Amino acid sequence: MADRTIHSDAVAHATVDVAEVDRFSRLAGEWWDPRGKMAVLHKFNPVRLAYIRDAVCRQFGRNAGQPPCLGGIRILDIGCGGGILCEPLARLGAGVVGADPSPDNIKAAQIHAERGGLTIDYRVAAAEALAGGGERFDVVLAMEVVEHVADVGLFVRCCANMVKPGGLMIAATLNRTLKSFALAIVGAEYVLRWLPRGTHRWDKFVRPDELESAMARAGLRTIDETGVIYNPLTDQWRLSSDMDVNYMLTAEKARSD
Amino acid sequence: MSAAPTNGCSDVLIAGGGFAGFALAIALRQALGANFSVTLADPALGQTGRDIRASAIAAAPRRMFSALGVWDAVAGEAQPILDMAVTDSRVQDAVRPVFLTFGGEIEPGEPFAHMIENDRLVAALSAKARSIGVTLIAAPVADFTAEPSGMNVALRDGATITTRLLVAADGARSRLRERAGITTNGWSYGQSAIVTTVAHERSHEGRAEEHFLPAGPFAILPLRRNRCSIVWTEEAGEAERIVALPDHDFHAELEKRFGLRLGDIVVAGPRHSYPLGLWVARSFVADRLALVGDAAHVIHPIAGQGLNMGLRDVAALAEVVVDAVRMGLDPGDSTVLERYQRWRRFDTMTMCISTDGLNRLFSNRSDVVRLARDVGLGLVDRLPGLKRLFIREAAGLAGEVPKLLRGESLAL
């Protein structure tokens with residue numbers, strides 16, 4: 001298993017350093033402060049959570065209103081950061097693996113989950129390494145990561161390999177349009193200062209048709225897509241048919257296998 | 001009710017067993033089921049006869065009580081308000097011309113409001129809460145500390161409970177609000193409301209009356225069995241004096257204002273005076289804490305909106321918490337609580353300003369102001385659209401209405 005090399009918790013604990021723990025606690029604090037650096041992500045979280053919950057419940061015949069509606073479903077969250085998405089999914093009953101290439105993020109996520117009494121399998125790993133391990137999941141999530149990867153085709157193929165037949169891949173990302181340049185780069189990074197400058201490179205944004213065909217080449221059929229828009233008056237995000245800036249997409253792997 | 005102090009966990013802990021606390025407990029439990037634990041703590045649990053007041057239940061709150069499954073239990077004791085009359089007079093005026101009348105139906109067959117004694121309604125709510133598995137503890141909250149992963153709450157009986165969300169539903173002089181360091185904006189009116197119950201000879205025929213006497217409004221609110229609840233505003237010192245009068249003299253003062261339209265009257269219950277003021281908490285939320293009802297805001301009872309506003313808080317908070325829990329979010333998360341605050345605080349400010357304006361307009365001895373307001377009321381009476389807007393606002397159906405107040409259950 002690829003993750004064996006990563007699971008060095010025993011060693012980490014043996015050489016535990018108080019200053020290190022403090023540093024990761026602070027980092028966890030930053031990830032989880034709804035008014036801090038990650039404020040935008042926290043505001044965005046409910047809309048993507050509801051989208052994921054409803055898509056998964058539809059696919060696996062669950063009642064979304066009845067927690068724990070995701071009981072027994074195995075979910076991989078790629079690029080999990082501090083675990084903002086992993087924790088609610090775990091509370092809804094899912095068996096969650098959270099993966100992030102940054103060891104700091106993973107330590108922060110582990111500290112936070114432990115405090116809240118949640119069991120989440122966090123691993124320092126990129127999608128390629130995980131795919132090499134041969135593990136399979138009911139649902140693979142790539143939320144706000146597609147726009148950061150070097151090779152979208154390779155990334156989607158790695159994710160698709162880890163989806164069980166009949167399972168789902170769900171992605172959220174940014175479209176490459178003039179509007180997204182104005183809003184996501186100029187607006188969010190320069191005017192509103194929601195995100196540090198340089199967080200996003202517009203030329204790496206992916207159009208829905210590009211993502212769909214990458215999915216198709218990897219054996220995934222797109223079954224749903226939706227835009228997500230921000231209303232500055234209510235300070236809330238909601239689903240919309242407007243996919244010009246933020247959008248989400250659900251793709252299914254055929255059941256026959 | 002717990003016999004001995006217990007330590008444990010509860011997803012939500014509600015401090016205060018009035019309308020707001022019980023209604024919230026029932027709404028959460030009904031929507032989220034047995035996997036979601038709700039505890040309600042109040043030192044006065046199960047004691048009756050403590051609250052002599054009665055409340056006007058407007059159409060929207062009545063639909064909410066129906067959705068919560070408690071209206072049927074009290075419907076037989078609720079007096080529909082079939083008619084409302086507003087007059088503007090001096091005490092000595094023998095004839096009080098009626099300037100404003102409201103037909104009492106908001107929709108055909110749905111009365112504008114019902115009057116019910118507070119004790120009866122709280123008893124029905126309490127019975128419902130108990131029957132659906134809300135844990136009831138007869139002790140007050142002594143202290144609490146917010147931690148990142150939960151709120152540690154110490155009860156006066158020595159128990160400690162860890163909860164994800166603590167709700168202050170502990171009334172106008174909320175100890176939890178004070179303990180959280182949340183201050184209030186507002187002022188006292190220097191007036192008190194004398195409250196008592198009157199039995200009378202003739203039927204009130206479901207008519208509510210509000211007489212704008214110079215000291216402030218004198219409201220006659222119909223109850224079942226030829227009785228009325230009186231809410232009688234006086235300057236604070238005068239109210240104290242009147243309440244302390246011997247029964248015979250109190251009766252005389254009351255009769256002077258009540259009139260003889262309903263025949264002989266008898267004071268049929270204890271009397272109390274309640275200081276009137278307007279206070280709004282500077283924040284409705286803090287770390288893992290939400291304020292609802294009178295803990296968040298107290299307004300002048302002139303338009304009968306206090307209970308209405310409290311239930312709006314409850315309906316909005318219940319909806320926000322249920323949505324969050326169904327997404328796996330922590331119900332005490334500040335993004336969840338901010339949504340509640342954004343929903344309720346603006347509405348509350350609007351209502352405070354309008355009831356305050358009404359009271360300032362009507363508690364006035366100037367004949368000029370009297371003339372102006374009479375002309376104003378006369379105009380309202382002649383403009384059906386405006387009057388309908390007033391009725392709907394008073395019935396609590398304006399603005400962005402939470403599901404429970406539209407009569408929709410949050411349960412699936």
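FYI, side chains are in, hydrogens and waters are out, and symmetry mates aren't considered; it's all heavy atoms of this structure. Naming: A, B, ... by sequence-line order, numbering from 1 per chain. Quick caveat: nothing in here was measured; it's all calculated off a predicted structure.
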Other residues, nucleotides and ligands only: do more than 12 of their heavy atoms fall within 6.0 Å of [atom1] on [X]?
X: B/Asn152; atom1: CG; result: yes
X: A/Arg136; atom1: CZ; result: yes
X: A/Glu30; atom1: CD; result: yes

Kindly write out the residues that satisfy ring-ring contact (aromatic ring centres under 6.0 Å, His included) with B/Trp71, not counting sequence neighbours, or none if the list is empty.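 Expected list: B/His114.
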
Check ring-ring contact (aromatic ring centres under 6.0 Å, His included) between A/His42 and all other residues, then give those that pass, not counting sequence neighbours.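 A/His42 satisfies ring-ring contact (aromatic ring centres under 6.0 Å, His included) with no residue once adjacent residues are dropped.
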
Below 4.5 Å, heavy-atom pairs only: which of A/Gly65, A/Gly116, A/Pro34 has the largest tally toward chain B?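 The answer is A/Gly65.
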
Before giving the answer on side-chain contact (heavy atoms from CB on, under 4.5 Å), spell out for B/Glu338 and A/Arg35 the whole-Å C-alpha distance, their side-chain angles and the decisive distance to 0.1 Å. CA-CA 11 Å; B/Glu338 280 302 328; A/Arg35 290 182 207 88; 3.7 Å; yes

Name the region of B/Asp333, side chain, backbone, both or neither, that has any atom closer than 4.5 Å to a heavy atom of chain A.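 Contact with chain A involves the side chain of B/Asp333 alone.
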
Once you round to the nearest 0.5 Å, how far does CE of B/Met327 lie from CG of A/Asn45?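 Between atom CE of B/Met327 and atom CG of A/Asn45 there are 8.5 Å.
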
Shortest non-hydrogen separation from B/Asn35 to A/Pro68 and the atoms involved: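 Scanning both residues, the minimum pair turns out to be ND2-CD, 4.0 Å.
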
If contact means a heavy atom pair closer than 4.5 Å, which residues of residues 79-90 of chain A contact chain B?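 Within residues 79-90 of chain A, the residues that come under 4.5 Å of chain B (heavy atoms only) are A/Pro88.
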
Mind checking which of residues 46-56 of chain A sit less than 4.5 Å from chain B, heavy atom to heavy atom?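 Residues of residues 46-56 of chain A touching chain B at under 4.5 Å: A/Pro46, A/Leu49, A/Ala50, A/Arg53.
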
